[in-house]
Amino acid sequence: MARWDLTDEQWAVLEPLLPRGRKPGRPCIWTRWQLIDGIRFRVRVPAEYGPWGRIYDLFRRWQRDRTWHRVLTRLQSRADAEGAITWDLNVDSTVCRAHQHASGARKRGDFQKEPPGGVVVEPHDHGLGRSRGEFTTKLHLVVEQGH
């Protein structure tokens with residue numbers, strides 16, 4: 001086990017939160033544990049985690065069906081119940097200038113199969129706006145005290 005792999009304790013918490021496979025047929029060569037480690041690795045996936053295409057497919061499928069969102073909320077609920085989260089938050093914001101080409105990456109956005117973030121679409125009032133002739137966006141950062 002490499003230093004960046006999930007520990008047995010971490011996997012015991014995470015495994016019950018993941019959806020069960022429903023497809024019959026040949027079992028997968030790589031375990032879910034290995035694929036999750038590959039998703040966590042993100043860049044230059046080592047061969048022991050499986051092929052990057054399989055890892056990416058699993059990541060996107062779980063992003064589309066909101067599995068990652070459910071995992072996050074359940075882990076936060078668990079940490080909150082254990083008293084590991086103090087909900088004293090600090091908020092900061094700044095205005096960031098965007099590149100001149102940032103306003104329209106695609107001329108025909110209808111060709112894109114789905115939004116880059118999955119099935120959750122940002123509201124139309126989010127994003128870039130004009131401020132004194134420049135494209136800008138306002139960034140907000142919320143920080144929990146422990147991290």
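The structure presented is a predicted model; accordingly, all values stated were derived computationally and were not measured.
- Across all their heavy atoms, W62 and P19 have their closest contact at NE1-CG, 3.4 Å.
- One finds the CG atom of L18 at 9.5 Å from the CZ atom of R74 (value rounded to the nearest 0.5 Å).
- In the hydrophobic cluster analysis, where Ile, Leu, Val, Met, Phe, Trp and Tyr join through side-chain heavy atoms closer than 4.5 angstrom, L72 is grouped apart from L17.
- Taking CG of L14 as the start and CZ of R32 as the end, the distance is 10.5 Å to the nearest 0.5 Å.
- Taken to the nearest 0.5 Å, the CZ atom of F59 stands 10.0 Å off from the CZ atom of R64.
- Residues R78 and E82 are in side-chain contact: their nearest non-hydrogen atoms beyond the backbone lie under 4.5 Å apart.
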* Is there a side-chain hydrogen bond (donor to acceptor under 3.5 Å, both in side chains) between T67 and R70 once you walk through the steps? -> CA-CA 5 Å; T67 296; R70 286 191 303 274; 3.1 Å; yes
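- Here the OG1 atom belonging to T73 is positioned 13.0 Å from the CH2 atom belonging to W68, to the nearest 0.5 angstrom.
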